[in-house]
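Encoded as structure tokens, the structure appears first; notes follow it.
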Amino acid sequence: MTGLRTVEAQRATVLAAVRPLPTEVLPLGAAAGRTLATAVRAAVDIPVFDNSAMDGFAVRAVDVAHASPDEPVTLRVVADLPAGTAADPAIGAAEAARIMTGSPMPTDADAIVPFEDTVGGLAGSLVTVTVVAAPRAGGHLRRRGEDARVGDVVLPAGVALGAWQLSAIAAAGVAQVDVARAPRVAVVSTGSELIEPGRALRRGQIPESNSILLASLAVAAGAVVVARESVDDDGDGLRTVLAAVTGGAEPADVVVFSGGVSAGAYEVVKNELAGTMSFSTVAMQPGKPQGFGVTPGGTLLFGLPGNPVSAAVSFEVFVRPALLALQGRTDVDRAVLRLPAAAPWRTPPARRQYLPVVIDRTDPSRWTVRPATAGGSGSHLAGGLGAAEALAVVPAETDAVAAGDLVDVLLLD
Ligand code: AMP
Ligand code: MG
């Protein structure tokens, strides 16, 4: 087929237009989902100090080097060290300190005997302890700085901050992070047939489902949704909404239109934004018609096809990478797994297929994929999207997928 742009060319056009957003400093509690703009360096060592990895006794290894059940060694207990203590008791010959997990190791001690290797165990007296096994020198000790030292990079710029990352930053003694501002996204559905879901429909009308789809996807990609609108095909509504969201002190960074970009007679996005956006046919299915442009003020405009599956796939392939790139994310691509098809399916000629699929996880060592909708790859099968958990990506050159064929699968979350 001639005249079709490759997905890569369209993506390159989009990504080349992205200017990274300014950054802001946030407390950790407000930073979930944001992207680090500046690497985080440890402000304290992790661990902060040498400490015990077990509940037990801090000892001098030499005193108990030959301890065994047959030759137990009894030590005098000279201190009790709960977590949080600042004490550093002197430990002399044949002496020990009871110590809890996480308590600072006394300077004079060099090994930990767990409770399990004493006669009394946890219930033992606090006057003496009888040791029945020789500890390894350094055993059951967590060394200061063995995880990170002051100044070490804990996380590089460009990573997303999830729960694990935020906890690593907190453990490094850092309370604030420099992150990209969240992109402001406006979502505008076009179509005179669209009615707010739940309302009574007269003949010709359908529930509007793309705006909730695209707004939710935008939020999942780290954006804040500043407007979610549905407008008619006559153009007035589109002009009004566009002026509102691109004007003012805090204009939208991105406007995502759906519908009105293909070859029909009432293509409102195409008609209204012909000067600002370019309209292409891209070698993919679904998602062939794509509009993209940048306003003079710098707002990125996406014109996605209106069929719900097309809109979802187009967001995934073009809008999500742009939103992540705006935030300075190092990796804007989804993880790809190569999995066998559980069933055969048809593929379009000369266009890359993005097929919503369900993953069968019955055999953990051999996941398989099958189309999410019984009707196949129809881009109007909006209900089937509810079952989809991934996208199978089949190259343009592949004529058909047979059961057992390996296909690339983009994992969505
Ligand atoms: P369009 O791209 O405007 O030609 O729309 C293609 C198909 O998608 C038509 O059947 C529309 O009714 C449908 N459609 C467009 N926008 C939406 C939307 N926001 N919600 C649900 N269906 C839509
Ligand atoms: Mg339409």
Side-chain angles (χ1 to χ4, degrees), residues 4-5 10 185-220 223 225-242 245 252 254-274 276-293 301-320 348 351 354-356 372-373 375-388:
L4 296 193
R5 295 196 90 192
Q10 182 70 7
V185 173
V187 173
V188 185
S189 291
T190 71
S192 299
E193 73 280 27
L194 305 174
I195 297 297
E196 198 184 321
R199 292 254 177 100
L201 304 172
R202 65 155 172 74
R203 178 174 164 79
Q205 295 180 325
I206 62 169
E208 194 280 302
S209 62
N210 283 350
S211 71
I212 189 71
L213 165 81
L214 298 168
S216 304
L217 290 172
V219 168
V225 174
V226 295
R228 174 156 82 85
E229 304 284 349
S230 183
V231 300
D232 285 350
D233 285 324
D234 64 16
D236 293 345
L238 186 149
R239 281 191 293 276
T240 305
V241 169
L242 187 61
V245 299
V254 173
V255 181
V256 185
F257 294 102
S258 71
V261 296
S262 55
Y266 303 97
E267 307 293 4
V268 63
V269 175
K270 223 174 183 175
N271 296 341
E272 293 297 325
L273 291 163
T276 315
M277 295 172 78
S278 300
F279 295 89
S280 311
T281 47
V282 179
M284 60 192 284
Q285 187 212 50
K288 187 165 83 161
Q290 292 290 333
F292 178 72
L301 305 178
F302 288 88
L304 312 185
N307 271 311
V309 182
S310 312
V313 166
S314 301
F315 184 99
E316 186 59 38
V317 176
F318 303 115
V319 185
R320 182 178 180 274
R351 286 158 71 189
Y354 289 91
L355 182 71
T373 52
S377 68
S379 56
H380 59 292
L381 301 169
L385 266 187

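Numbering of ligands and ligand atoms starts at 1, following listing order.
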If you take all heavy atoms of [X] and [Y], which pair is closest and at what distance?
X: Met284; Y: Val317; result: CE-CG2, 4.1 Å
X: Arg228; Y: Ser211; result: NH1-OG, 2.8 Å
X: Ala372; Y: Ala387; result: O-CB, 4.2 Å

Ligand 1 to [X] polar contact by distance, N or O atoms, under 3.5 Å:
X: Leu194; result: no
X: Asn307; result: yes
X: Ser209; result: yes
X: Gly259; result: no

How close does the nearest protein non-hydrogen atom get to [atom], and which residue and atom is it?
atom: atom 19 (N) of ligand 1; value: Glu208 OE2, 2.9 Å
atom: atom 14 (N) of ligand 1; value: Gly306 O, 3.3 Å
atom: atom 22 (N) of ligand 1; value: Ile206 CD1, 3.5 Å
atom: atom 9 (C) of ligand 1; value: Glu193 OE2, 4.2 Å
atom: atom 17 (C) of ligand 1; value: Asn210 ND2, 3.3 Å
atom: atom 3 (O) of ligand 1; value: Gly260 N, 2.9 Å

- [ ] For ligand 1, indicate whether the residue Ser310 contacts it via side chain, backbone, both or neither (heavy-atom separation under 4.0 Å).
- [x] neither
Task: Side-chain donor or acceptor of Asn210 paired with backbone N/O of Gly306 under 3.5 Å - done: yes
TODO: Ignoring hydrogens and angles, tell me if any N or O in the side chain of Thr190 forms a donor-acceptor pair with the backbone of Val231 under 3.5 Å.
DONE: no
Task: Ser314 and Gln290: side chain donor to acceptor below 3.5 Å - done: yes
Open item on the list: Under a plain distance cut-off of 3.5 Å, with no hydrogens placed, do Arg351 and Gln285 share a side-chain donor-acceptor pair?
Closed with: no
- [ ] Find all atoms of ligand 1 within a distance of less than 4.0 Å from any non-hydrogen atom belonging to Ser262, and give their numbers and elements.
- [x] 4 (O)
Open item on the list: Please list, in number order, the atoms of ligand 1 under 4.0 Å from a heavy atom of Ser189.
Closed with: 19 (N)
TODO: Taking the side chain as every heavy atom from C-beta outward, state whether Leu242 and Val255 have any pair of such atoms under 4.5 Å apart.
DONE: yes
TODO: Please say whether more than 12 non-hydrogen atoms of neighbouring residues, nucleotides or ligands are located less than 6.0 Å from OH in Tyr266.
DONE: no
